[in-house]
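Worksheet: one structure, shown below.
First the proteins, then the strands, lettered A, B, ... as listed; each starts at 1. What you see is a predicted model; the values in this text were computed from it and never measured.
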There are 2 protein chains.
Amino acid sequence: MFSKACEYAIKATLHIAEQSLQNKRIILPEIAKAIDSPVAFTAKILQQLAKNKIVQSSKGPNGGFSISEQAIQTFKLKDIVLAIDGESIFTECGLGLKKCDENSPCPIHHKFKSIRAEIIDMLENTSLKELSKQLESGVTFLKI
Amino acid sequence: MFSKACEYAIKATLHIAEQSLQNKRIILPEIAKAIDSPVAFTAKILQQLAKNKIVQSSKGPNGGFSISEQAIQTFKLKDIVLAIDGESIFTECGLGLKKCDENSPCPIHHKFKSIRAEIIDMLENTSLKELSKQLESGVTFLKI
DNA sequence: ATAAATAAAGACCTATTTATCTTAAATAGA
DNA sequence: TCTATTTAAGATAAATAGGTCTTTATTTAT
Ligand code: FES
Ligand code: FES
C-alpha cells in the first residue's frame, strides 16, 4: 500500500508525536531505533517531513525532532502519505490504466473504487493524536 | 496495490478469457497490443500463468493462449494475484512490521484490517467470468 | 524432411527504490 | 572562540522491479 519510505515516515512521525506529548525532543538515532529503521534513510525522510512542516527539527546539542501539540491534533495520516508518496494512492487506476476514469473504467474499477474510498476515508480521518495516544498507552506498537 | 507484473497478468488473462469465450486463441503480440504492455515482459508473465494452470498455452502455428470455459468460471482474481505477487497482499502488515499480529498490532492495524478484508473479499469473489463478460459487452476497458 | 510459427527459458539490461557515506551547516555550552 | 552535538545536503552504492534479447523447443503444414 505504502512505499517503505512512507511506512517509516508514519512510524517516525508517530514516535516523535508520542515523545512530544511528553514534552520530549528525540534525536535521529533514537527514532531509528524505536521504529527499527535504517538511520541514514530515516534522516532523509525526516528531512522531507520537516520541509512539509509536519515535524519540526532543530540542530545542535539538545536538538532533535518534535511536533507541536497543534500539529498532532490537526495532521492526519493523509498529510504524511501525500508528503512522501504523493497523490497516487488517491487517484491511480487499480490496474494501472493511464487514468482512472469513470467513463472508460477498467474491469475492477467499480469494486476498486469503493475500496479506495475506504482507504482515503481512513487516511483523511485518522489523526496523529489518536494514533500517538494509543501508542502511549501501550496498545499498539512500532516494531516487531 | 498490485505489482506491474500482476496488473499485466490480470489484464492479459481477462483478454484471453474474452477471446476464449468466442472460441478464439490469441497469440502473444496481440495480447500485448490489446492490453498495452511490453511484449517480452508479457511473455514472462504468461509463462507463469501457464505454469499455474490459469491459462493454457500451445506452441507452433495456430498456437497461442486460451482458457477453458471451466477455468473462466472457477478462477478468481485471487488466483492470479497469488500466482504473480504471492500472498503478501493477504497477510502483510500495512506499516511493514515483520508480522501482522493481532497481539502486537501496529498503529493502523485495526483500520487496515477491515480494508484488507474488503480487498480479500473482492479478490476471492470476483470471477474471471464476470469480468470477461463485462469486457465482451464493452462496458469496461483494458487500455486508455 | 523442411520451413514457418509459435511459446519457453535463461541471460542480460535499465530504472527505481532503498540505503549509505561524506561533508557542510547550525547551535549550545564551556 | 572553540568544541561537541545535532540536522541538512548531496553524492554514491546496493537491492529490487521492470523490461529486453537471444537461443531453444515444440508444433503445424508443406
Ligand atoms: S479505471 Fe481502473 S480503477 Fe478506475
Ligand atoms: S500489525 Fe500492522 S496491519 Fe496488522
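Here the side chain of A:T126 pairs no donor or acceptor atom with the backbone of A:L123 at under 3.5 angstrom. The main-chain N or O of A:I54 is never found under 3.5 Å from a side-chain atom of A:D79 such that the two would form a donor-acceptor pair. Using modelled atom types, one side-chain atom of B:N125 and one backbone atom of B:D121 make a donor-acceptor pair closer than 3.5 Å. Side-chain atoms of B:K76 do not come within 3.5 Å of backbone N or O of B:M122 as any donor-acceptor pair. Checked by atom type and distance alone, the side chain of B:D85 never pairs as donor or acceptor with a backbone atom of B:V81 at under 3.5 Å.
Put simply, the side chain of B:H15 does not reach to within 4.5 Å of the side chain of B:E30, judged on heavy atoms.
Of the inter-residue distances, the one linking A:L28 atom CG with A:S37 atom OG reads 8.0 Å to the nearest 0.5 angstrom. To the nearest 0.5 Å, atom CG of residue A:L14 and atom CD1 of residue A:I10 are 7.5 Å apart.
A:S66 pairs by the side-chain contact (heavy atoms from CB on, under 4.5 Å) definition with A:S20, A:R25, A:Q56, not counting sequence neighbours. Among residues two or more places apart in sequence or in another chain, the side-chain hydrogen bond (donor to acceptor under 3.5 Å, both in side chains) test is passed with A:Q19 by none. Listed by chain and residue number, B:L21, B:E69, B:I72, B:Q73, B:S127, B:K133 satisfy the side-chain contact (heavy atoms from CB on, under 4.5 Å) test with B:K129 (two or more places apart in sequence, or in another chain).
With rounding to whole Å, A:Q48 atom CD is found 12 Å from C:dT17 atom P. Residue A:Q56 contributes atom CD, which lies 13 Å from atom P of D:dT7 at whole-angstrom precision. Summarising the geometry, the separation between CZ on A:R25 and C1' on C:dA28 is reported as 12 Å, rounded to the nearest angstrom. The separation between B:I84 atom CD1 and D:dG18 atom C1' is 14 Å, rounded to whole Å.
Sorted by first and then second residue, the pairs that involve residues 5-22 of chain A and meet salt bridge (Lys or Arg N to Asp or Glu O under 4.0 Å), not counting sequence neighbours, are A:K4-A:E7. Note on residues 28-69 of chain B: pairs passing ring-ring contact (aromatic ring centres under 6.0 Å, His included), not counting sequence neighbours, are B:Y8-B:F41.
A heavy atom closer than 4.0 Å to some atom of DNA chain D occurs in no member of residues 1-18 of chain A. For residues 85-94 of chain B, proximity to DNA chain C is found at no residue, defined as any non-hydrogen atom under 4.0 angstrom from a strand atom.
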Under 3.5 Å, which protein N or O atoms sit close to an N or O of nucleotides 14-16 of chain C? Give each pair with its distance.
none

Listing time: all N or O pairs from protein to nucleotides 1-10 of chain C that are below 3.5 Å?
unit_1: C:dT6; atom_1: O2; unit_2: B:G60; atom_2: N; d: 3.4
unit_1: C:dA7; atom_1: OP1; unit_2: B:L28; atom_2: N; d: 3.0
unit_1: C:dA7; atom_1: O3'; unit_2: B:S57; atom_2: OG; d: 3.3
unit_1: C:dA8; atom_1: OP1; unit_2: B:S57; atom_2: OG; d: 2.8
unit_1: C:dA9; atom_1: N7; unit_2: B:Q47; atom_2: NE2; d: 3.3
unit_1: C:dG10; atom_1: N7; unit_2: B:K44; atom_2: NZ; d: 2.3
unit_1: C:dG10; atom_1: O6; unit_2: B:K44; atom_2: NZ; d: 2.8

Based on Watson-Crick and G-U pairs with both distances under 3.5 Å, what dot-bracket line describes DNA chain D 5' to 3', crossing pairs as [ ] and inter-strand pairs as |? ||||||||||||||||||||||||||||||
Without placing hydrogens or testing angles, list every side-chain donor-acceptor pair under 3.5 Å for residues 89-102 of chain A, not counting sequence neighbours.
unit_1: A:T91; atom_1: OG1; unit_2: A:E87; atom_2: O; d: 3.3
unit_1: A:K98; atom_1: NZ; unit_2: B:D36; atom_2: OD2; d: 3.2
unit_1: A:D101; atom_1: OD1; unit_2: A:N103; atom_2: N; d: 2.8
unit_1: A:E102; atom_1: OE1; unit_2: A:H109; atom_2: NE2; d: 3.0
unit_1: A:E102; atom_1: OE2; unit_2: A:K113; atom_2: NZ; d: 3.2

Which pairs would a plain distance check flag for residues 43-53 of chain B, meaning a side-chain donor or acceptor within less than 3.5 Å of a matching protein atom at least two apart in sequence or in another chain?
unit_1: B:N52; atom_1: ND2; unit_2: B:Q48; atom_2: O; d: 2.8

